[in-house]
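Following: one structure in structure tokens, then a few remarks.
The figures here come from the full heavy-atom set of this structure, side chains too, leaving out hydrogens, waters and symmetry mates.
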Amino acid sequence: MKLKLIAALTILSLSPALALASPSCTKEPKSKWMPEAAMKAKIDAMGYQVKTFEITGNCYEIYGKDKNGDRAEVYFNPVSGEIVQKGD
């Protein structure tokens with residue numbers, strides 16, 4: 001019984017960390033990534049208002065507002081510019 005409780009608590013304590021992990025966006029080397037300026041222009045054309053633009057793992061990530069004015073956290077494939085994952 002004690003072992004099951006410890007296992008359950010361990011899994012629950014790790015869950016928030018797993019939820020915060022960034023997605024895998026590409027396996028291509030950075031030499032094949034779209035230049036940041038080109039990616040920012042593409043993101044603007046999609047209707048996002050970017051507050052923060054950064055590289056997270058192997059993704060381009062933004063924080064800002066979407067075209068509806070809602071908060072947006074979006075991960076992009078840095079090679080193709082496609083959206084990989086959206087969050088709040």
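- The two residues Cys59 and Pro23 have their closest heavy-atom pair at SG-O, 3.2 Å.
- Interatomic distance, CD1 of Ile62 versus NZ of Lys40, reported as 11.5 Å (0.5 Å rounding).
- One distance of note links NZ of Lys67 with CE of Met46; it measures 10.0 Å at 0.5 Å rounding.
- What you find for Tyr60 and Met34 is that their closest heavy atoms are OH-O, 2.6 Å.
- Heavy atoms only, all atoms of each residue included: Cys25 and Val84 are closest at SG-CG2, 3.8 Å.
- Classification of the Tyr48-Phe76 ring pair by plane angle, with boundaries at 30° and 60°, yields perpendicular.
- Grouping the Ile, Leu, Val, Met, Phe, Trp and Tyr side chains by contacts below 4.5 angstrom, directly or via other members, places Phe53 with Ile83.
- Within the 3.5 Å criterion, the main-chain N or O of Ser80 finds a donor-acceptor partner in the side chain of Lys42.
- By the 6.0 Å contact criterion, CD on Glu28 is enclosed, its count of non-hydrogen atoms from other residues, nucleotides or ligands being greater than 12.
- Formation of a donor-acceptor pair under 3.5 Å by the Asp66 side chain with backbone atoms of Asn68 is found in this model.
- Gly57 and Trp33 get closest at one heavy-atom pair: O-CH2, 4.1 Å.
- Cluster membership check: Tyr75 does not share its hydrophobic cluster with Ile43, using side-chain heavy-atom separations under 4.5 Å among Ile, Leu, Val, Met, Phe, Trp and Tyr.
- At least one side-chain heavy atom of Ser24 sits less than 4.5 Å from a side-chain heavy atom of Asn58.
- To the nearest 0.5 Å, the span separating NZ on Lys32 from OG1 on Thr26 amounts to 9.5 Å.
- To the nearest 0.5 Å, the span separating CZ on Arg71 from NZ on Lys65 amounts to 7.5 Å.
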